[in-house]
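These notes concern the structure reproduced below.
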Amino acid sequence: MKTFKEYIAYPYGLWMIIFIAVPLLVVIWFSFLSNPDFKMGEYTFTLDNYKEFLDPVYLELLYRSFVYAVIATLISFMIAYPLGNLIVSLPEHRQNLMIVLMILPMWVNFLLRTYAWMVLLSGSGLVVKFLGLLGFTDATLLYTQSAVILGMVYNFFPYMLLPIYTSLKKIDPDLLRAATDLGANHFQMFVKVKFPLSLPGIVSGCMMVFMPAVSTFVISNLLGGGKYMLIGNLIEQQFLTANNWNFGSAISMVLMTIIFLVLGIARLIAGKEIDTGGQIL
Amino acid sequence: MKKILLILAVLCLPLMLGGCASDDRAVLNVYNWGDYMDPAIIAQFEKEYNCRVNYETYTSNEDMYVKVKNSSDTYDVLVPSDYMIERLIKEDMLRLINKENITNLANIDSTALNLPFDPGNQYSIPYFYGVLGIIYNTDLVTDPVDSWNILWNDKYASKILMYDSIRDSMGVSLSRLGFSMNETNEANINAARDALIAQKPLVMAYVTDNVKNLMATKDAAMAVVYSGDASIIISDNDSLAFAVPKEGSNAFYDNFVIPKNAQNPELAEKFINYMLTPEVAAKNVEYVGYSTPVTQAVGLLDESWQKNSAFNISKEDLARCEIFKDLPSDILEIYNRAWTEVNVSK
């Protein structure tokens, strides 16, 4: 006899099968095929798509994507952690207001916000004009590496802030007071108590920023002007212009595998504490 | 199991309801490039011929090909480019057009007819054509713009926009080095790649859609663009001009074709004929910007269009241009790889 609860899970299961499991299996299937002229029913099994990826050109691209994503994650963390602490120290109603303000930009479409940055950073945009007033003439911002990283930090920052804020909020203030009572100075209290307790939130936040950043192609396209290709752009190119869906699928699989590995490592770092809250993953 | 079927049935219900619209007019399924036909003209055609046009769009010849080849949807009119028409003819996917029904064919400029991809225009009727060239700001560019070499001139460092497309950017580099835009020799393709890598530090960005804005704000001095985009940009800005380099360039011809499995070929021919009426073609130019093969349409446009160098492409310029060929996949592989190396380089 099945319970009502089990029945209510069916639509979700069906949804996940249709929109997650099946597409994923198709990608895996495609990645092992060779189908040069893109005709239905004409293909052979091969490992060539994976072998091709071992080429230094593509590995360099993978490396670059990781470097960009790590930098974006670190910057987001460095902004979000102090901010999270600051927000937690505010009275309750102000906290909610601050969090809403932080999330507010996400109500506007991601693409629109990125296009807005294109206008702001362009030679005739506000940011460059302002820098000009400060004496930095001829600053180029749009279509630079910094613009790409700025775009990543700006777009994914809320995903860092929210889990950090939640995990900081969950820390029992009595624990911090006990630490100081027992003779820890402010720094020791932070290093030995507060930081470890907020680690699950930090790990979640880092993953939530790292994953979209490492696979983005829109930001590098719009703010990098196609000059700073990332692995996401390569996948996009294989599907949309090069019409090599098989190689594109293979790269997607490689990227997915690596993300899973990173995810596993992150869980190890956070240890058991990851189960105590603040996590989204 | 029954539950699952029930759920599936419920999920499919909206699809079924959507399918039975109460409209007994004839339906014409048109599949065209995005932003490539004035919607007002389609509405006008629906009214005059008492039919309903089901209008869908695509972003590349390849997208269109995959959909037409593999999907169960059928279309009555497609607008592929030259090399894709060649492929569709080769694969026996097109229907012979009854030219007696295309009375406006008499209006068509002979340069757009009888081209190598469809000799005698048995399967295709011209719609628009255009060339790849350089749009530049006459206030910023002091040197004459008559060669692709200007894109490699470090005087304009960080003010050059390239076109973010494999065949087009590689084509520019190949043409500059004196090779064909349809080059199949690997060493020559790699030489073009190396030239693009050497050029990269001078390039502001590889774009397809932000050209108008960057040219208008003078952030960019010159850009590689297709003539139709250029003509629209120039029509709003007097200090911009368009040039087709002396080394030659790419010319494309987008023609109407009727697929073999079309449901309504007679209406399709009426639609094609309608689009070639001078008044309709002129109205369409103002929306699309590309050069029309309908000769009488040009006279109906106002003076700014007549003077627009990206719209009125000279016969000499056009004669220097090559049409892209449908390259075999092993050659395209070399192009893709070369372009990726350009993209990855610093």
Side-chain angles (χ1 to χ4, degrees), chain A residues 2 6-7 10-11 13-15 17-18 34-41 52 55-65 115 118-119 121-125 128 138 140 142-145 147 220-231 233-234 237-245 247, chain B residues 1 3-8 10-11 59-63 65-66 69-71 87 91 157-169 200-210 213-214 216-220 326 328-330 332-333 335-346:
Chain A
K2 285 188 174 170
E6 279 170 77
Y7 280 122
Y10 273 146
L14 193 71
W15 179 273
I17 289 170
I18 297 177
S34 146
N35 188 4
D37 293 319
F38 209 84
K39 284 181 189 131
M40 281 289 201
E52 195 181 340
D55 193 293
V57 176
Y58 301 127
L59 292 179
E60 149 117 35
L61 207 55
L62 189 65
Y63 171 73
R64 183 193 289 176
S65 306
Y115 271 107
M118 283 172 73
V119 177
L121 296 177
S122 72
S124 49
V128 174
D138 279 342
T140 19
L142 189 59
Y143 303 138
T144 58
Q145 289 183 27
S220 47
N221 234 350
L222 294 180
L223 297 177
K227 282 196 293 183
Y228 308 97
M229 196 194 211
L230 300 178
I231 198 83
N233 298 88
L234 183 66
Q237 205 178 71
Q238 295 307 313
F239 277 92
L240 294 185
T241 55
N243 270 310
N244 192 344
W245 291 22
F247 184 46
Chain B
M1 194 58 209
K3 297 257 175 194
I4 295 176
L5 283 177
L6 186 73
I7 291 163
L8 271 177
V10 170
L11 285 174
T59 52
S60 77
N61 280 305
E62 287 68 25
D63 282 357
Y65 174 79
V66 171
K69 185 105 187 163
N70 296 330
S71 146
R87 190 196 287 186
E91 298 185 9
S158 301
K159 292 217 168 264
I160 298 166
L161 292 174
M162 289 294 284
Y163 198 70
D164 187 18
S165 143
I166 302 179
R167 286 295 296 274
D168 296 300
S169 279
K200 196 168 181 185
L202 307 179
V203 175
M204 178 186 197
Y206 300 86
V207 290
T208 50
D209 58 353
N210 199 22
N213 191 16
L214 292 167
T217 56
K218 291 191 177 182
D219 280 323
D326 185 16
S329 53
D330 53 326
L332 280 179
E333 204 59 45
Y335 274 84
N336 286 337
R337 159 102 208 177
W339 180 238
T340 306
E341 283 176 45
V342 173
N343 278 314
V344 175
S345 70
K346 294 210 174 85

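Each chain gets a letter, A, B and so on, in the order its sequence line appears, and its residues count up from 1.
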Any side-chain heavy-atom pair of A/W245 and A/Q238 under 4.5 Å
no

Applying salt bridge (Lys or Arg N to Asp or Glu O under 4.0 Å), run through B/D219 and B/K159 and close with a yes or a no.
CA-CA 7 Å; B/D219 280 323; B/K159 292 217 168 264; 5.7 Å; no

B/E333 side chain near A/N244 side chain, heavy-atom distance below 4.5 Å
yes

Measure A/N233 against the heavy atoms of chain B and call it side chain, backbone, both or neither at under 4.5 Å.
neither

Do any of residues 339-346 of chain B have a heavy atom less than 4.5 Å from a heavy atom of chain A, and if so, which, in residue order?
B/W339, B/T340, B/E341, B/N343, B/V344, B/S345, B/K346

Please look at B/L332 and chain A and tell me whether the side chain, the backbone, both or neither of the residue comes under 4.5 angstrom of a heavy atom of that chain.
neither

Interchain contact, A/L230 with chain B, by part (heavy-atom threshold 4.5 Å)
neither

By a 4.5 Å heavy-atom criterion (distance strictly below it), what part of A/F247 contacts chain B: side chain, backbone, both, or neither?
neither

Side chain, backbone, both or neither: which part of B/N210 has a heavy atom under 4.5 Å from chain A?
side chain

Under 3.5 Å: donor-acceptor pair, side chain of B/D168, backbone of B/Y163
no

Go through B/R87 and B/D326 one step at a time and tell me if the side-chain contact (heavy atoms from CB on, under 4.5 Å) criterion holds.
CA-CA 7 Å; B/R87 190 196 287 186; B/D326 185 16; 2.9 Å; yes

Could you tell me if the side chain of B/D164 sits less than 4.5 Å from the side chain of B/S169, heavy atoms only?
no

Flag side-chain contact, heavy atom, 4.5 Å: A/Y143 against B/L214:
yes

For residues A/K227 and B/K200, determine if any side-chain heavy atom of one lies less than 4.5 Å from a side-chain heavy atom of the other.
yes

